[in-house]
Peer 1: 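I have a structure here, written as structure tokens, and I will follow up with some questions on it.
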Amino acid sequence: MFYIDKVLEDLKLKNTNEPEFLQAVNEVLTTLKPVVEKHPEFQTAALLERMTEPERLISFRVSWMDDNGKIHVNRGYRVQFNGVIGPFKGGLRFHPSVNQSIIKFLGFEQVFKNALTGLPIGGAKGGSDFDPKGKSDNEIMRFCQSFMNELYRHIGQDVDVPAGDIGVGSREIGYLFGQYRKIRNAYEAGVLTGKGLEYGGSLARKEATGYGLLYFMREMLKANNMQINGKTVIISGSGNVAIYACEKAQQYGAKVVAMSDSNGCVYDADGIKLDIVKQIKEAERGRIKEYAQRVKGAVYTESVNGSHPIWEIKADIALPCATQNEINLEEAKLLVSNGVKAIGEGANMPTTVDAINYFLKNGILLAPAKAANAGGVATSALEMSQNSMRYSWIFDEVDEKLDKIMTNIFASCKKAAEEYNLGTNYVAGANIAAFDKVSKAMLAQGLV
Ligand code: NDP
Ligand code: 2IT
């Protein structure tokens, strides 16, 4: 039996209740076969066994009181997956679906994503099954304070640096930072990223994941004699990543015709008016449905039993920017039959493995999450640099650095794919390029 197959089989037995984690590992390891087979020393060093076991996994109680005086208990997590390249780094997700499997899949992906950025950051993830929807500002604050009352002992600017993810934006980072500062009685600006601009945040961090996705897409299309200008685009989600992906796509001359949230999607044949989406989502924290109530001619379609009506809309480019497994095989077939030419994964693991394979088999260009959405964490690392210098760069300086980083990431994915005769399979290219760096660093640091 091949080394990789053995590792995968053992992992399945060890992590039976963690389907998302197993899916993420499976997707990476299967693409590494041509690399690993050339290096018997990986097996001797138990490299893959070590790479798939987190360095540390913390689970903790988060109790908090709502506005009516009722007490709630949630579960908090932090997985410090691999710190071989730098301090642990990765976002926090607050969503009722959060469990150990979700946190581990995200942490595992983060290790390779962070390696691709070329910056000195290890991989981590955290969060809670807390549902921020419908909570008052004070409830959010009390939850964040309680969460930090435990998390603070595990993090630090040279130890582990959390940031945002689903359900955690600048408001939550503010409350988390305030509590950390209070507990530590020290101003360690670099302990969290995604901070407000008034207290150590970086310009362009808010835009970075969405903009970065489009920089990667621009490079991928260019390498295949295409361009974004003039293309029709659909974007799932209407949160941080989706909004700034939309903004940059529009700046590049694309027509974005649809966006969504977990309740449904809006279609606007004239092109999405992003200022209205920002008003609804960033200012009012409302639902995407309200877009169709405000914009004449826009059509709203409700999601039924978790369906994703957005993938029924005809487009040249689809950007899944909401959550994991939001494009399954059936939806991939629909997109392909509607003429989609490229997929850009803004979300983490938005495409199931059979859907990925279907896209690749049909010659669709696929920008894989761990490469294409790395702009967010890369700019977080730039925020850490600025915090260390006690200085801040202007927007254009950060944005230019981000553009270069994304351009380099695409070049690494392309180079690795070509080296192994994988054509335009950038999914494998990203995994191989990232693995190359992580494996070398792990071997260099010995059995720790
Ligand atoms: P936000 O919380 O800002 O937005 C999330 C969006 O996705 C919302 O529109 C939300 O709809 C939708 N969504 C979330 N969960 C589900 C679900 N289970 N089903 C359907 N829709 C859902 O998060 P972000 O924009 O920050 O994150 C989006 C994705 O991008 C995630 O996969 C995240 O891991 C990834 N990512 C984020 C980065 C960042 O810097 N923020 C960096 C790299 C990746 P609703 O409001 O109805 O819940
Ligand atoms: O998935 C991700 O890369 C993020 N949520 C961003 C993490 C970060 O540390 O900025």
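We're numbering straight along the sequence, starting at 1. The model shown is predicted, which means the values in this text are computed figures rather than measured ones. Ligands are counted one by one from 1 in listed order, and the atoms in each one are counted from 1 as well.
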Peer 1: At what distance is the nearest protein heavy atom to atom 5 (N) of ligand 2, and which residue and atom is it?
Peer 2: Asp165 OD1, 2.9 Å
Peer 1: Measuring from atom 4 (O) of ligand 1, which candidate in Gly239, Gly376, Gly194 has the nearest non-hydrogen atom?
Peer 2: Gly239
Peer 1: Using a 4.0 Å heavy-atom cut-off, which part of Glu109 comes near ligand 1: side chain, backbone, both, or neither?
Peer 2: neither
Peer 1: Please report which non-hydrogen protein atom sits nearest to atom 9 (O) of ligand 2, along with the residue it belongs to and the distance in Å to one decimal place.
Peer 2: Lys89 NZ, 2.6 Å
Peer 1: Could you find the nearest protein heavy atom to atom 10 (O) of ligand 2 and give me its residue, atom name and distance?
Peer 2: Ser380 OG, 2.6 Å
Peer 1: Looking only at distance, does Asn348 have an N or O less than 3.5 Å from an N or O of ligand 2?
Peer 2: yes
Peer 1: If you measure only the distance, is there a donor-acceptor pair under 3.5 Å linking the side chains of Asp261 and Ser238?
Peer 2: no
Peer 1: Can you see whether Asn348 engages Glu109 through a side-chain donor-acceptor pair at a distance of less than 3.5 angstrom?
Peer 2: no
Peer 1: Are Tyr291 and Gln293 linked by a side-chain donor-acceptor pair shorter than 3.5 Å?
Peer 2: no
Peer 1: Mind checking whether Lys133 has a heavy atom under 4.0 Å from ligand 1?
Peer 2: yes
Peer 1: Can you report which non-hydrogen protein atom sits closest to atom 7 (C) of ligand 2, along with the distance?
Peer 2: Gly91 N, 3.5 Å
Peer 1: Is it the case that Gln23 and Asn325 place a side-chain donor and acceptor less than 3.5 Å from each other?
Peer 2: yes
Peer 1: What residue and heavy atom of the protein are closest to atom 6 (C) of ligand 2, and at what distance?
Peer 2: Arg205 NH2, 3.6 Å
Peer 1: When you check the side-chain N and O atoms of Arg205 and Ser380, is any donor under 3.5 Å from an acceptor?
Peer 2: yes
Peer 1: I'd like to check whether Gly164 has a polar contact with ligand 2, where a contact means an N/O of the residue lying under 3.5 Å from an N/O of the ligand.
Peer 2: yes
Peer 1: Is Glu326 near ligand 1, meaning one of its heavy atoms is under 4.0 Å from it?
Peer 2: no
Peer 1: Return yes if some donor-acceptor pair links the side-chain N/O of Glu27 with the main-chain N/O of Ala24 below 3.5 Å, else return no.
Peer 2: no
Peer 1: For Ala163, take its heavy atoms, then give the atoms of ligand 2 lying under 4.0 Å from any of them.
Peer 2: 8 (C), 9 (O), 10 (O)
Peer 1: Provide the number and element of each atom of ligand 2 under 4.0 Å from a heavy atom of Lys113.
Peer 2: 1 (O), 2 (C), 3 (O)
Peer 1: Just jot down the ligand 2 atoms closer than 4.0 angstrom to any heavy atom of Lys125, in number order.
Peer 2: 1 (O), 2 (C), 4 (C), 5 (N)
Peer 1: Tell me yes or no: between the side chains of Asp129 and Asn99, is some donor less than 3.5 Å from an acceptor?
Peer 2: no
Peer 1: Below the 3.5 angstrom mark, is there an N/O of Asn348, backbone or side chain, next to an N/O of ligand 1?
Peer 2: yes
Peer 1: Could you establish whether Gly169 and ligand 1 come within less than 4.0 Å of each other, counting only heavy atoms on the residue side?
Peer 2: no
Peer 1: Quick one: which of Ile235, Val241, Val168, Thr193 has a heavy atom closest to atom 37 (C) of ligand 1?
Peer 2: Val241
Peer 1: Using heavy-atom distances only, which candidate in Pro350, Pro320, Ala322, Gly375 approaches atom 7 (O) of ligand 1 most closely?
Peer 2: Ala322
Peer 1: Does any N or O atom in Asp165 lie less than 3.5 angstrom from one in ligand 1, N or O only?
Peer 2: yes
